[in-house]
S.K.: 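Sharing a structure below in structure tokens format, with a few things to ask.
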Amino acid sequence: FDTYQTWIIAMLNNEDFYNRAKKIAEVLLQFGNKDERGKNTYKQQVEELLSTKSRSGFISALTDMVKNDNSELFDQTVRELLKLSQENVMLFLILLRFQYAVVSAKP
């Protein structure tokens, strides 16, 4: 994991994206766990977001989640994504999926 993570950070050339991806992953885990018994609405939204492969898909999936208290974090992330090349957007999305898997695996 460390090697893969280091490679992505080096490619993005920005430690802030690593920290942002980790924070977003933690927020997404909490968001997905808000589901009431028998409903998977929030979890489905998280899965949809994590399965995106483009900047526009990510922003579209994130739009439904902005209604909670993390709108500032999401807004700043979108601003930074708009500055990235498409290749770096893909790396960030991979890093986000990776970070989500890491925080989901913690007991």
S.K.: At what distance, to the nearest 0.5 angstrom, does CG of Leu91 lie from CD of Gln86?
M.R.: 10.5 Å
S.K.: For Ser56, is there any backbone N or O sitting under 3.5 Å from a side-chain donor or acceptor partner on Ser60?
M.R.: no
S.K.: Please name the residue in the list Val27, Ile24, Val46 that meets the side-chain contact (heavy atoms from CB on, under 4.5 Å) test with Met65.
M.R.: Val46
S.K.: Contact between Thr77 and Phe58 at the side-chain level, heavy atoms closer than 4.5 Å - yes or no?
M.R.: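 Answer yes - side chains close enough.
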S.K.: Nearest 0.5 angstrom please: Lys23 NZ to Leu28 CG, how far?
M.R.: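 It comes to 11.0 Å.
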S.K.: Between Gln76 and Glu72, do the side chains contain a donor N or O and an acceptor N or O under 3.5 Å apart?
M.R.: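 Checked: Glu72/Gln76 side chains show no N/O donor-acceptor pair below 3.5 Å.
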S.K.: Could you grab the distance from atom CD of Glu26 to atom CD of Gln99, nearest 0.5 Å is fine?
M.R.: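 Here the rounded value is 8.0 Å.
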S.K.: Rounded to the nearest 0.5 Å, what's the gap from CG on Leu96 to CZ on Arg20? Could you check?
M.R.: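 Leu96 atom CG to Arg20 atom CZ measures 11.5 Å (nearest 0.5 Å).
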S.K.: For a quick test of reading the model, state the closest non-hydrogen atom pair linking Ala21 to Phe92 and the distance between them.
M.R.: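 In this case the closest contact between Ala21 and Phe92 is CB-CE1, 3.9 Å.
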S.K.: Does the pair Asn19 and Lys22 meet the rule for a side chain to side chain contact (heavy atoms under 4.5 Å, CB included), with working shown?
M.R.: CA-CA 5 Å; Asn19 295 329; Lys22 185 174 182 178; 5.7 Å; no
S.K.: Is the shortest heavy-atom distance from the side chain of Arg55 to the side chain of Ile59 under 4.5 Å?
M.R.: yes
S.K.: How long is the straight-line distance from CZ of Phe74 back to OG1 of Thr63, given to the nearest 0.5 Å?
M.R.: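 Taking OG1 in Thr63 and CZ in Phe74, the distance rounds to 10.5 Å.
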S.K.: Please round to the nearest 0.5 Å and tell me the distance separating atom CZ of Arg79 and atom CG of Leu84.
M.R.: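 Nearest 0.5 Å value for the CZ-CG distance: 14.5 Å.
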